[in-house]
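Heads up: the structure comes next, in C-alpha coordinates.
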Amino acid sequence: MCFACSPRNPIGLHLQFSLEDGVCRTTFTAGEVHQGWNGCMHGGLIATLLDEVMAQWLWLQGIAGMTAEMTTRFSRPVPVGVPLEVTARQTGGRGRLFELAAEIALPDGQVPVHARAKFLKV
Ligand SMILES: CCCCCCCC(=O)SCCNC(=O)CCNC(=O)[C@H](O)C(C)(C)COP(=O)(O)OP(=O)(O)OC[C@H]1O[C@@H](n2cnc3c(N)ncnc32)[C@H](O)[C@@H]1OP(=O)(O)O
(Lines give C-alpha, C1' and ligand atoms only; values in the text may rest on other atoms or scores of the structure.)
Protein backbone atom coordinates (compact mmCIF):
# COMPACT_ATOMS: atom_id res chain seq x y z
CA MET A 1 0.00 0.00 0.00
CA CYS A 2 2.16 2.82 -1.34
CA PHE A 3 2.16 6.01 0.76
CA ALA A 4 2.42 8.13 -2.39
CA CYS A 5 0.08 6.46 -4.88
CA SER A 6 -2.22 3.84 -3.33
CA PRO A 7 -5.87 4.93 -3.40
CA ARG A 8 -6.43 2.64 -0.39
CA ASN A 9 -3.81 4.14 1.93
CA PRO A 10 -5.84 6.11 4.50
CA ILE A 11 -2.95 8.50 5.25
CA GLY A 12 -1.44 8.48 1.75
CA LEU A 13 -1.06 11.26 -0.80
CA HIS A 14 -3.29 9.44 -3.38
CA LEU A 15 -1.23 10.68 -6.32
CA GLN A 16 -2.27 9.81 -9.86
CA PHE A 17 0.19 9.86 -12.75
CA SER A 18 0.25 10.14 -16.52
CA LEU A 19 3.07 9.67 -19.00
CA GLU A 20 3.09 11.55 -22.28
CA ASP A 21 5.91 12.44 -24.68
CA GLY A 22 8.50 11.14 -22.22
CA VAL A 23 7.25 13.27 -19.31
CA CYS A 24 5.60 11.78 -16.23
CA ARG A 25 3.22 14.16 -14.49
CA THR A 26 1.10 14.50 -11.37
CA THR A 27 -0.53 17.32 -9.44
CA PHE A 28 -0.80 17.84 -5.70
CA THR A 29 -2.09 20.56 -3.40
CA ALA A 30 -0.51 20.42 0.06
CA GLY A 31 -2.72 21.11 3.05
CA GLU A 32 -2.00 22.21 6.61
CA VAL A 33 -1.26 18.59 7.57
CA HIS A 34 1.65 18.58 5.09
CA GLN A 35 3.41 21.62 6.56
CA GLY A 36 6.94 21.65 7.93
CA TRP A 37 6.87 25.35 8.74
CA ASN A 38 4.01 27.84 8.72
CA GLY A 39 2.55 27.92 5.23
CA CYS A 40 5.38 25.82 3.78
CA MET A 41 5.26 22.20 2.71
CA HIS A 42 7.50 19.78 4.63
CA GLY A 43 10.77 19.09 2.79
CA GLY A 44 10.54 15.34 3.27
CA LEU A 45 7.14 15.29 1.63
CA ILE A 46 8.43 17.47 -1.20
CA ALA A 47 11.16 14.87 -1.75
CA THR A 48 8.47 12.17 -1.70
CA LEU A 49 6.62 13.88 -4.57
CA LEU A 50 9.82 14.14 -6.60
CA ASP A 51 10.96 10.58 -5.84
CA GLU A 52 7.57 9.14 -6.74
CA VAL A 53 7.12 10.97 -10.03
CA MET A 54 10.50 9.61 -11.15
CA ALA A 55 9.62 6.08 -9.96
CA GLN A 56 6.35 6.33 -11.89
CA TRP A 57 8.20 7.42 -15.05
CA LEU A 58 9.64 3.91 -14.94
CA TRP A 59 6.57 2.09 -13.61
CA LEU A 60 4.24 3.39 -16.34
CA GLN A 61 6.64 1.86 -18.86
CA GLY A 62 6.55 -1.52 -17.11
CA ILE A 63 9.86 -1.05 -15.28
CA ALA A 64 10.10 -1.66 -11.52
CA GLY A 65 12.94 0.52 -10.26
CA MET A 66 14.17 1.51 -6.82
CA THR A 67 15.76 4.82 -5.88
CA ALA A 68 19.51 4.26 -5.44
CA GLU A 69 20.50 7.93 -5.12
CA MET A 70 18.69 11.27 -5.06
CA THR A 71 19.75 14.91 -4.77
CA THR A 72 17.18 17.62 -4.09
CA ARG A 73 17.73 21.35 -4.53
CA PHE A 74 15.31 23.38 -2.40
CA SER A 75 15.59 26.86 -3.95
CA ARG A 76 12.41 28.38 -2.51
CA PRO A 77 9.74 27.28 -0.01
CA VAL A 78 6.79 25.38 -1.50
CA PRO A 79 3.56 26.99 -0.29
CA VAL A 80 0.60 24.96 0.93
CA GLY A 81 -2.82 25.52 -0.61
CA VAL A 82 -1.71 25.97 -4.21
CA PRO A 83 -1.80 23.35 -6.98
CA LEU A 84 1.65 21.98 -7.72
CA GLU A 85 2.66 20.40 -11.01
CA VAL A 86 5.23 17.67 -10.53
CA THR A 87 7.07 16.29 -13.58
CA ALA A 88 9.89 13.88 -14.36
CA ARG A 89 11.92 12.96 -17.41
CA GLN A 90 14.89 10.77 -18.20
CA THR A 91 18.31 12.38 -18.47
CA GLY A 92 20.53 9.36 -19.04
CA GLY A 93 21.43 5.87 -17.96
CA ARG A 94 22.65 2.52 -19.22
CA GLY A 95 21.74 -1.08 -18.54
CA ARG A 96 19.79 -1.32 -15.25
CA LEU A 97 20.67 2.26 -14.27
CA PHE A 98 18.20 5.07 -15.11
CA GLU A 99 19.08 8.73 -14.49
CA LEU A 100 16.05 10.97 -14.04
CA ALA A 101 15.27 14.59 -13.21
CA ALA A 102 12.13 15.97 -11.60
CA GLU A 103 10.75 19.35 -10.66
CA ILE A 104 7.84 21.03 -8.93
CA ALA A 105 6.25 24.02 -10.65
CA LEU A 106 3.97 26.61 -9.07
CA PRO A 107 0.94 27.98 -10.96
CA ASP A 108 2.97 31.04 -12.04
CA GLY A 109 5.67 28.80 -13.55
CA GLN A 110 8.28 29.23 -10.81
CA VAL A 111 10.24 26.08 -9.96
CA PRO A 112 11.05 26.14 -6.23
CA VAL A 113 12.51 22.62 -6.08
CA HIS A 114 14.14 20.20 -8.46
CA ALA A 115 15.83 16.84 -8.05
CA ARG A 116 18.05 14.37 -9.81
CA ALA A 117 18.08 10.65 -9.08
CA LYS A 118 19.48 7.30 -10.11
CA PHE A 119 17.13 4.33 -10.17
CA LEU A 120 18.10 0.69 -10.53
CA LYS A 121 15.77 -1.76 -12.24
CA VAL A 122 14.98 -4.59 -9.81
C1 LIG B 1 9.33 -1.67 -7.41
C2 LIG B 1 8.73 -0.24 -7.46
C3 LIG B 1 9.14 0.54 -6.22
C4 LIG B 1 8.85 2.05 -6.34
C5 LIG B 1 9.51 2.70 -5.19
C6 LIG B 1 9.43 4.21 -5.23
C7 LIG B 1 10.80 4.77 -5.08
C8 LIG B 1 11.39 4.48 -3.71
O9 LIG B 1 11.14 5.22 -2.79
S10 LIG B 1 12.34 3.10 -3.48
C11 LIG B 1 12.74 3.15 -1.73
C12 LIG B 1 14.04 3.81 -1.46
N13 LIG B 1 15.13 3.05 -2.08
C14 LIG B 1 15.57 1.90 -1.54
O15 LIG B 1 15.10 1.42 -0.53
C16 LIG B 1 16.66 1.21 -2.29
C17 LIG B 1 17.66 0.55 -1.34
N18 LIG B 1 18.76 0.00 -2.12
C19 LIG B 1 18.64 -1.23 -2.69
O20 LIG B 1 17.70 -1.98 -2.47
C21 LIG B 1 19.75 -1.65 -3.59
O22 LIG B 1 20.93 -0.94 -3.30
C23 LIG B 1 19.38 -1.43 -5.08
C24 LIG B 1 18.17 -2.28 -5.47
C25 LIG B 1 19.11 0.05 -5.39
C26 LIG B 1 20.58 -1.87 -5.95
O27 LIG B 1 21.00 -3.11 -5.48
P28 LIG B 1 21.42 -4.26 -6.49
O29 LIG B 1 20.29 -4.58 -7.40
O30 LIG B 1 22.01 -5.35 -5.67
O31 LIG B 1 22.48 -3.56 -7.39
P32 LIG B 1 24.08 -3.41 -7.11
O33 LIG B 1 24.72 -4.74 -7.39
O34 LIG B 1 24.33 -2.73 -5.80
O35 LIG B 1 24.45 -2.38 -8.25
C36 LIG B 1 24.26 -2.73 -9.63
C37 LIG B 1 25.11 -1.79 -10.44
O38 LIG B 1 24.61 -0.44 -10.28
C39 LIG B 1 25.63 0.40 -9.74
N40 LIG B 1 25.05 1.34 -8.82
C41 LIG B 1 24.36 1.07 -7.70
N42 LIG B 1 23.99 2.23 -7.09
C43 LIG B 1 24.46 3.21 -7.85
C44 LIG B 1 24.43 4.61 -7.77
N45 LIG B 1 23.77 5.24 -6.77
N46 LIG B 1 25.04 5.34 -8.72
C47 LIG B 1 25.68 4.74 -9.73
N48 LIG B 1 25.74 3.40 -9.88
C49 LIG B 1 25.15 2.66 -8.95
C50 LIG B 1 26.62 -0.54 -9.06
O51 LIG B 1 27.91 0.01 -9.00
C52 LIG B 1 26.57 -1.75 -9.98
O53 LIG B 1 27.36 -1.50 -11.13
P54 LIG B 1 28.12 -2.71 -11.90
O55 LIG B 1 27.02 -3.65 -12.37
O56 LIG B 1 28.83 -2.04 -13.01
O57 LIG B 1 29.00 -3.34 -10.89
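Counting starts at 1 for both ligands and their atoms, following the listed order. Computed from a predicted structure; not experimentally measured.
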| Would Arg96 count as a contact of ligand 1 if the rule is a heavy atom under 4.0 Å away? | yes
| Can you tell if the side chain of Thr91 reaches within under 4.5 Å of the side chain of Leu100, non-hydrogen atoms only? | no
| said: Strictly less than 4.0 Å: does any protein heavy-atom distance to atom 13 (N) of ligand 1 fall in that range? | reply: yes
| field | Nearest-neighbour protein heavy atom for atom 4 (C) of ligand 1, which is reported as residue plus atom name and distance | value | Gly65 O, 3.7 Å
| message | When you measure from atom 57 (O) of ligand 1 to the protein, is at least one non-hydrogen atom found at a distance under 4.0 Å? | response | no
| Where is the nearest protein heavy atom to atom 11 (C) of ligand 1: which residue, which atom, and how far? | Met66 CE, 4.0 Å
| Sub-4.0 Å protein heavy atom next to atom 38 (O) of ligand 1 | yes
| Nearest protein heavy atom under 4.0 Å from atom 33 (O) of ligand 1, yes or no | no
| task | Indicate whether atom 29 (O) of ligand 1 is within a distance of less than 4.0 angstrom of some protein heavy atom. | result | yes
| To the nearest 0.5 Å, how far apart are CZ in Arg116 and CD in Glu99? | 8.5 Å
| message | Are the side chains of Leu106 and Arg76 in contact, using a 4.5 Å heavy-atom criterion? | response | no
| Which protein heavy atom lies closest to atom 46 (N) of ligand 1, and at what distance to 0.1 Å? | Lys118 CD, 3.2 Å
| said: Side chains of Thr27 and Pro83, heavy atoms from C-beta outward: is any pair under 4.5 Å? | reply: no
| task | Considering only protein heavy atoms, determine whether one is less than 4.0 Å from atom 6 (C) of ligand 1. | result | yes
| query | Counting only heavy atoms not in Asp21, do more than 12 fall under 6.0 Å of its CG? | reply | no
| Numbering the atoms of ligand 1 from 1, which are under 4.0 Å from a heavy atom of Ala64? | 1 (C)
| Whether Trp57 side chain and Thr87 backbone form a donor-acceptor pair below 3.5 Å | no
| request: Could you tell me which non-hydrogen atom of Asn9 sits nearest to which non-hydrogen atom of Met1, and how far apart they are? | output: CA-SD, 3.4 Å
| request: Compute the shortest N/O to N/O distance between Glu69 and ligand 1 and return yes if it is under 3.5 Å, no if not. | output: yes
| message | To check your reading of the model: name the closest protein heavy atom to atom 18 (N) of ligand 1, its residue, and the distance in Å. | response | Thr67 O, 4.7 Å
| note | In ligand 1, the atoms that come under 4.0 Å of a heavy atom of Val122 are 24 (C)
| Is there a side-chain contact between Phe3 and Leu45 (heavy atoms, below 4.5 Å)? | yes
| request: Could you check if a side-chain atom of Leu49 sits within less than 4.5 angstrom of a side-chain atom of Leu13, using non-hydrogen atoms only? | output: yes
| query | Does some side-chain heavy atom of Ile63 sit less than 4.5 Å from a side-chain heavy atom of Phe98? | reply | yes
| note | re atom 48 (N) of ligand 1, the protein heavy-atom contact at minimum distance is Leu97 CD1, 4.3 Å
| query | So which heavy atom in the protein is nearest atom 9 (O) of ligand 1, and how far is it from that ligand atom? | reply | Asp51 OD2, 2.8 Å
| remark: Note: Leu120, heavy atoms under 4.0 Å from ligand 1, region reported as side chain
| Is any side-chain heavy atom of Cys5 less than 4.5 Å from a side-chain heavy atom of Phe17? | yes
| field | Atoms in ligand 1 flagged as close to Ala55, the criterion being non-hydrogen separation under 4.0 Å | value | 6 (C), 7 (C)
